[in-house]
Amino acid sequence: MPELPEVEVTRRSFEGRIAGARIVGASLGKPLRWPLGCSVESLAGRRVLGVDRRGKYLLLRLDQGLLVLHLGMSGSLSFAPALPAGGPHDHFDLLTDAGQLRLHDPRRFGAVVWAPDDHAPVLDKLLGRLGMEPLADDFSLAAFKAGLKASRASIKRLLLAGRLVVGVGNIYASEALFLARIRPTTQARRIGPARAERLHAAIRSVLEQAVTAGGSTLRDFQAADGRSDVYGREGAPCHTCSTPIAMVRQGQRSSFFCPVCQRP
DNA sequence: ATTCTCACCTGCGGGC
DNA sequence: TGCCCGCAGGTGAGAA
């Protein structure tokens, strides 16, 4: 589920309730991608100041240090005054005086990592090379064009790498490229000004719409990305020209496109 | 330096 | 039905 819109919708769903809360305890299930980096006991007594997002990472700001959360491929967070006993796929619980935050993650590609302060090496490792935030003013068209010109990789792989712009995952990359009428296999540096501008706008538009849909649907991400134009629609008619949607593999990931609307 | 492949882990759907 | 295979929305590490 979790590309930028899902992460952002998740963030909004509990930030207002957890901000200001006092941590009273925490517990871990099976190992996640990385060790927590501190004892769960040491979290007790800390106060949660707020929840920020950088790319697909959530940053739980505490009065002392912060917790970095990632949902991986299959993670989801829930927050409620009291949650039922954890199941086999619940791997992190944060108990606060305002409610309980729980990470559910069957595949365990997700993570919860403690950072003692804003300059901790782990933050640099995880966030240090992330690209522009597509929904922020920081998402400059000029910088985007320059980034395209500097890359020999295909545009799809460049987007997924997150070094130029963050938050675009496998679904929204295909969708944005469809909107911009660019084939996923196109070498990034071969994308001219007009197409670059369309893609820049398409990325923002696709993500914004998904956040809005996720926000109105709330907690039903399926409905939010259910009506895709190309993703998962191999062989089905293009919504624009009725040509069957095609699929290619790019670095172990599937890309979907319309062979006619997205000419090479 | 960039770019590409692999690995991490579990569940599910399709084909036999 | 049951087994085996491939695939799934991410991304850092290490190899080319």
Side-chain angles (χ1 to χ4, degrees), chain A residues 1-10 28-35 37 53-58 68-77 87-92 103-113 121-131 134 146-178 184-190 203 206-207 209-211 213-214 217 219-235 247-256:
Chain A
M1 295 193 238
E3 295 186 35
L4 184 148
E6 291 75 22
V7 176
E8 176 60 17
V9 168
T10 297
L28 291 166
K30 292 166 113 178
L32 293 162
R33 180 158 189 187
W34 297 291
R53 179 187 56 74
R54 179 73 178 96
K56 297 167 191 165
Y57 291 92
L58 287 178
V68 182
L69 287 82
H70 198 287
L71 303 182
M73 289 277 260
S74 57
S76 60
L77 287 173
H89 299 308
D90 296 324
H91 303 301
F92 179 73
L103 174 65
H104 176 86
D105 185 5
R107 291 177 72 180
R108 293 190 280 125
F109 289 173
V112 184
V113 176
V122 66
L123 283 186
D124 194 58
K125 178 179 86 164
L126 299 181
L127 313 178
R129 298 162 63 134
L130 294 184
L148 295 186
K149 285 301 169 201
S151 174
R152 266 171 298 277
S154 71
I155 183 58
K156 172 75 182 313
R157 299 191 68 153
L158 177 63
L159 291 178
L160 288 191
R163 305 295 190 219
L164 178 58
V165 55
V166 294
V168 185
N170 206 38
I171 292 178
Y172 297 118
S174 277
E175 296 301 315
L177 287 166
F178 172 78
T185 48
T186 306
Q187 198 178 27
R189 69 192 327 180
R190 291 189 59 252
I203 289 169
V206 160
L207 297 179
Q209 278 187 36
V211 169
T217 313
R219 85 177 158 250
D220 189 0
F221 295 146
Q222 296 296 30
D225 48 42
R227 59 176 133 54
S228 62
D229 280 313
V230 288
Y231 185 83
R233 297 191 61 245
E234 183 184 15
M247 193 267 276
V248 291
R249 298 287 295 180
Q250 294 181 278
Q252 346 284 39
R253 317 300 301 277
S254 299
S255 300
F256 300 85

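A note on names: the letters A, B, ... follow the listed sequences, proteins ahead of strands, and every chain is numbered from 1. The basis for the numbers below is simple: all heavy atoms, side chains too, and nothing from hydrogens, waters or symmetry mates.
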K.L.:
Expressed in angstrom and rounded to an integer, what is the separation of A:Gln187 atom CD from B:dT3 atom C1'?
P.N.:
12 Å
K.L.:
I want to check one thing: is the phosphate of B:dT5, taken as OP1 and OP2, less than 4.0 Å away from some side-chain N or O of A:Gln252?
P.N.:
no
K.L.:
Using whole Å, report how far CZ of A:Arg163 lies from C1' of B:dT3.
P.N.:
11 Å
K.L.:
Look at all strands and tell whether A:Arg108 reaches a base, only sugar-phosphate, or nothing, counting heavy atoms closer than 4.0 Å.
P.N.:
sugar-phosphate
K.L.:
Can you tell me which nucleotide in C:dC7, B:dT3, B:dT10 comes closest to the side chain of A:Arg107?
P.N.:
B:dT10
K.L.:
How many whole angstroms separate atom CD1 of A:Ile171 from atom C1' of C:dC7?
P.N.:
14 Å
K.L.:
Does C:dT11 have OP1 or OP2 under 4.0 Å away from a side-chain N or O of A:His70?
P.N.:
yes
K.L.:
Quick one: does A:Val230's side chain get under 4.5 Å of A:Glu175's, heavy atoms only?
P.N.:
yes
K.L.:
Can you tell me if the side-chain N/O atoms of A:Lys125 get under 4.0 Å from OP1 or OP2 in C:dT11?
P.N.:
no
K.L.:
Give me the atom names and distance for the closest heavy-atom approach of A:Ser174 to A:Phe256.
P.N.:
OG-N, 3.2 Å
K.L.:
For C:dG9, which nucleotide is its Watson-Crick or G-U wobble mate, given both distances must be under 3.5 Å?
P.N.:
none
K.L.:
C:dT11 phosphate, OP1 or OP2: any side-chain N/O from A:Lys56 under 4.0 angstrom?
P.N.:
yes
K.L.:
Taking all non-hydrogen atoms of both residues into account, name the closest pair between A:Asp105 and A:Leu71 and its distance.
P.N.:
OD2-O, 4.1 Å
K.L.:
Using a cut-off of less than 4.0 Å, is there contact between a side-chain N or O of A:Arg33 and OP1 or OP2 of C:dG12?
P.N.:
no
K.L.:
For the P atoms, the ones on B:dC9 and on C:dC3, what distance do you get once it is rounded to whole angstrom?
P.N.:
23 Å
K.L.:
Report yes if a side-chain nitrogen or oxygen of A:Ser74 is closer than 4.0 Å to either non-bridging phosphate oxygen (OP1 or OP2) of B:dC9; otherwise report no.
P.N.:
no
K.L.:
Rounded to the nearest angstrom, tell me the gap between atom CG in A:Leu164 and atom P in B:dA1.
P.N.:
18 Å
K.L.:
Closer than 4.0 Å, any side-chain N/O of A:Tyr57 to the OP1 or OP2 of C:dG12?
P.N.:
yes
K.L.:
With respect to the side chain of A:Asn170, which nucleotide from B:dC4, C:dG9, B:dT2 is positioned closest?
P.N.:
C:dG9
K.L.:
Which heavy atom of A:Ala111 sits nearest to which heavy atom of A:Leu32, and what is that distance?
P.N.:
CA-CB, 4.2 Å
K.L.:
Describe the nucleic acid contact of A:Leu160 in one word from base, sugar-phosphate, nothing, applying a heavy-atom distance below 4.0 Å.
P.N.:
nothing
K.L.:
Verify the contact: side-chain N or O of A:Ser254 to OP1 or OP2 of C:dA8, cut-off strictly under 4.0 Å; return yes or no.
P.N.:
yes
K.L.:
Quickly work out the A:Gln250 CD to C:dG9 P distance and round it to whole Å.
P.N.:
13 Å
K.L.:
Does B:dC9 have OP1 or OP2 under 4.0 Å away from a side-chain N or O of A:His89?
P.N.:
no
K.L.:
Provide, to the nearest angstrom, the distance between the CG atom belonging to A:Leu69 and the P atom belonging to C:dG10.
P.N.:
17 Å
K.L.:
Between C:dT11 and B:dA1, how far is it from one P atom to the other, in whole Å?
P.N.:
23 Å
K.L.:
Which heavy atom of A:Leu130 sits nearest a heavy atom of A:Tyr57, and at what distance?
P.N.:
CD1-CD1, 4.1 Å
K.L.:
Figure out the CG/C1' separation between A:Leu32 and B:dC8, and round it to whole Å.
P.N.:
12 Å
K.L.:
Mind checking the P distance from C:dG6 to B:dC6? Whole angstroms is fine.
P.N.:
14 Å
K.L.:
Under 4.0 Å between any heavy atoms, over every strand shown, what does A:Arg253 touch: base, sugar-phosphate, or nothing? Just pick one.
P.N.:
base
K.L.:
Can you say whether a donor on the side chain of A:Arg157 sits under 3.5 Å from an acceptor on the base of B:dT3, or the other way round?
P.N.:
no
K.L.:
Find which nucleotide of DNA chain B each of A:Arg129 and A:Phe109 is nearest to by heavy atoms, and output the residue with the more 5' nucleotide.
P.N.:
A:Arg129
K.L.:
Tell me whether the OP1 or OP2 atom of C:dA8 has a side-chain N or O from A:Arg249 closer than 4.0 Å.
P.N.:
yes
K.L.:
Counting C-beta onward and ignoring hydrogens, is there a side-chain heavy-atom pair between A:Lys56 and A:Pro2 closer than 4.5 Å?
P.N.:
no
K.L.:
Identify the two heavy atoms, one from A:Val168 and one from A:Glu3, that lie closest to each other, and give their separation to 0.1 Å.
P.N.:
C-OE1, 4.0 Å
K.L.:
Roughly, in whole Å, what's the span from CG in A:Leu148 to C1' in B:dT2?
P.N.:
16 Å
